[in-house]
Amino acid sequence: MRLSQLFTKTSKTVPADETAKNAQLLIKAGYIHKEMAGVYAYLPLGLRVLENIKQIVREEMNALGGQELIMTNLQRRELWEITDRWDDAKVDIWFKTQLKNGTDVGLAWSHEEPITAMMKNYIASYRDLPANVYQFQTKLRNELRAKSGIMRGREFVMKDLYSYSRSDEEHQKFYDSVTQAYLNVFHRVGLGDITFVTYASGGAFTQFSHEFQTITDAGEDVIYLDRDKKLAVNQEVYNDEILAQLGLDKNKLEETKAAEVGNIFSFGTAKSEQLNLYFTDEDGKDKPVVLGSYGIGVTRLMGVVAEHFSDDKGLVWPENIAPAKVYLARLGDGAETVKQADELYELLTENQVQVLYDDRDTRPGEKFADADLLGIPYRVVVSEKTVSVGACELKARTAAEPKQVSQEELFKTLGITSQ
RNA sequence: CGGGGUGUGGCGCAGUUGGCUAGCGCGCCGCGUUUGGGACGCGGAGGCCGGAGGUUCGAGUCCUCUCACCCCGACCA
């Protein structure tokens, strides 16, 4: 992509009404736009990051045998009344509206009920199970107070996965595999070292749920972490009894702030029974389906990454999710410089390397500052200087100084094998 | 929803005890000089001061109501 054609711009200042670091950086760099409190638009570069994260999640979900679908955002009142979650006293973050004929509808804050009700159409026999379905969906939650930029919005994107199993054993096996898949996701987006499986409140169905907590000051949770065991306990369930049960030594635990980037639940059969989701076993007996629910807040995850991978100059995207791998800065507009920069842009693009080509008529300092602010992993410079020596200049976003490299070395660094 | 704070060109801000054509920086447009870490000069465009009432000869400034936004708390993926 040529920056001269990108409609977004970077900014030297941040809006005064935005204090969350993730939102400040993302707005400054032109990745997102704030529409209202807790509601953000994803601009072209921000969308790329979001899609890159989604793709990683998608690959891990598909590897589990998850099947992607997309539910609706308008939901039926009757469905939520069955499980007693329509009442504002029970769920206080509902957005609700009405059809022209007066029928109440809810705007999706979760999809457990509708998706489970829908599965009744497809699950009748033990032969239909297990079934694991997931989606990337916009969730709408009427939070009393939005905060922390894209880490807690009123509208956000979540990957939600639902598992339907024949037995507790079958469910548990899948549940454990999801745990591993989630760890893979957080590892791949660069947060592996600071994200921990955390015991949290399990709600009405089980003693615990498992959260995936990423250590960050911007987080809203407090966890007690055993680094050796790579396990943590959320403050909400933290007590001596629980620690004993989990075999954790209180003296070894580290208290830290963290952000919940994922949460997985076992529902047992309670919800299936409520919603009448049964299957016929080999023996001809009807049994309720065992249900699990697994979420990753995708936009929140992007916020946590932005929050964590940044310095005083701006964002520092991990390569896996960066909106481009290379920031190609062309300095000067001499004929040969333009020619060589254009050619390098074409060549990299042909080799499947995503490039932000800064072909704008601006001064070098501005280009360097933008390259840093945007947080692109590699900066490549083509200028009169590099043209004259027949090399180009390469600097990793995290490196202090650039170095001169041949095109061969450049390609090698960027992982391009053939030429 | 309780407490605190803020609303003035796209962004960041100033505006005195009410007083004259509402300023400054960034950004934007034009011309010129520049060109390896956000250049400089000259000339421009752009604002009924969040909104509605009110007080006053006169309101960005005072009063009332209202809307929005931010922070702390409670709540929460």
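Just the heavy atoms: all of them, side chains too, but no hydrogens, waters or symmetry mates, feed the values below. Quick note on labels: first sequence line is chain A, next is B, and so on, each numbered from 1.
Taking side-chain N and O atoms only, Arg141(A) has no distance below 4.0 Å to OP1 or OP2 of rC75(B).
Nearest nucleotide to the Thr19(A) side chain, out of rC75(B), rG38(B), rC70(B): rC70(B). Taking only side-chain atoms of Leu373(A), from C-beta outward, the nucleotide of rC1(B), rC75(B), rG38(B) with the closest atom is rG38(B).
Across rG23(B) and rU6(B), the matching P atoms stand 25 Å from one another, rounded to whole Å. When the C1' atom is compared between rC71(B) and rG9(B), the two are found 27 Å apart, to the nearest whole Å. Using C1' as the reference atom, rC67(B) and rA52(B) are 10 Å apart when rounded to the nearest Å. As rounded to the nearest Å, rC57(B) and rC62(B) have C1' atoms that lie 16 Å from one another. rG7(B) and rG15(B): their C1' atoms are spaced 15 Å apart (whole Å). Comparing the C1' positions of rC48(B) and rG12(B) gives an interatomic distance of 23 Å, to the nearest angstrom.
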Hey, mind stepping through His210(A) and Tyr175(A) against ring-ring contact (aromatic ring centres under 6.0 Å, His included) and telling me if it holds? CA-CA 10 Å; His210(A) 291 95; Tyr175(A) 189 91; 5.6 Å; yes
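Among the atoms of the strands shown, base atoms are found under 4.0 Å from some heavy atom of Lys147(A). In this structure, Lys34(A) reaches the sugar-phosphate backbone alone: every heavy-atom distance under 4.0 Å involves primed, P, OP1 or OP2 atoms, never a base. Within 4.0 Å of Ile93(A), counting heavy atoms only, lies no atom of the nucleic acid at all. Within 4.0 Å of Glu220(A), counting heavy atoms only, lies at least one base atom of the nucleic acid. Across all strands, Gly149(A) comes closer than 4.0 Å to no nucleic acid atom at all (heavy-atom distances).
Tyr134(A) and Asn62(A) are linked by a side-chain donor-acceptor pair at a separation below 3.5 angstrom, with hydrogens and angles left out of the test. Under 3.5 Å, the side chains of Thr116(A) and Tyr164(A) contain a donor-acceptor pair of N or O atoms. Using modelled atom types and a 3.5 Å distance limit, the side chains of Asp128(A) and Tyr122(A) yield no donor-acceptor pair.
Considering all non-hydrogen atoms of both residues, Leu347(A) and Gln407(A) come closest at CD2-OE1, 3.5 Å.
Judged by closest nucleotide on RNA chain B, Asp372(A) is the one of Met158(A) and Asp372(A) placed further toward the 5' end. The residue among Pro15(A) and Arg360(A) whose nearest nucleotide of RNA chain B lies closer to the 5′ end is Pro15(A).
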Please convert RNA chain B into dot-bracket. A pair counts if it is Watson-Crick or G-U wobble with both distances under 3.5 Å; crossing pairs go in [ ] and bases paired with another strand get |. (((((((..((((.....[...)))).((((((.....)))))).....(((((..]....))))))))))))....
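Residue side chain Asp17(A) does not reach the base of rG7(B) through any donor-acceptor N/O pair under 3.5 Å, judged by distance alone.
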Let me have a per-nucleotide readout for nucleotides 29-36 of chain B, 5' to 3', with B, S or -, counting only protein heavy atoms under 4.0 Å. -----BSB
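Of the residues Trp94(A), Trp109(A), Trp80(A), the one that meets the ring-ring contact (aromatic ring centres under 6.0 Å, His included) test with Trp86(A) is Trp94(A).
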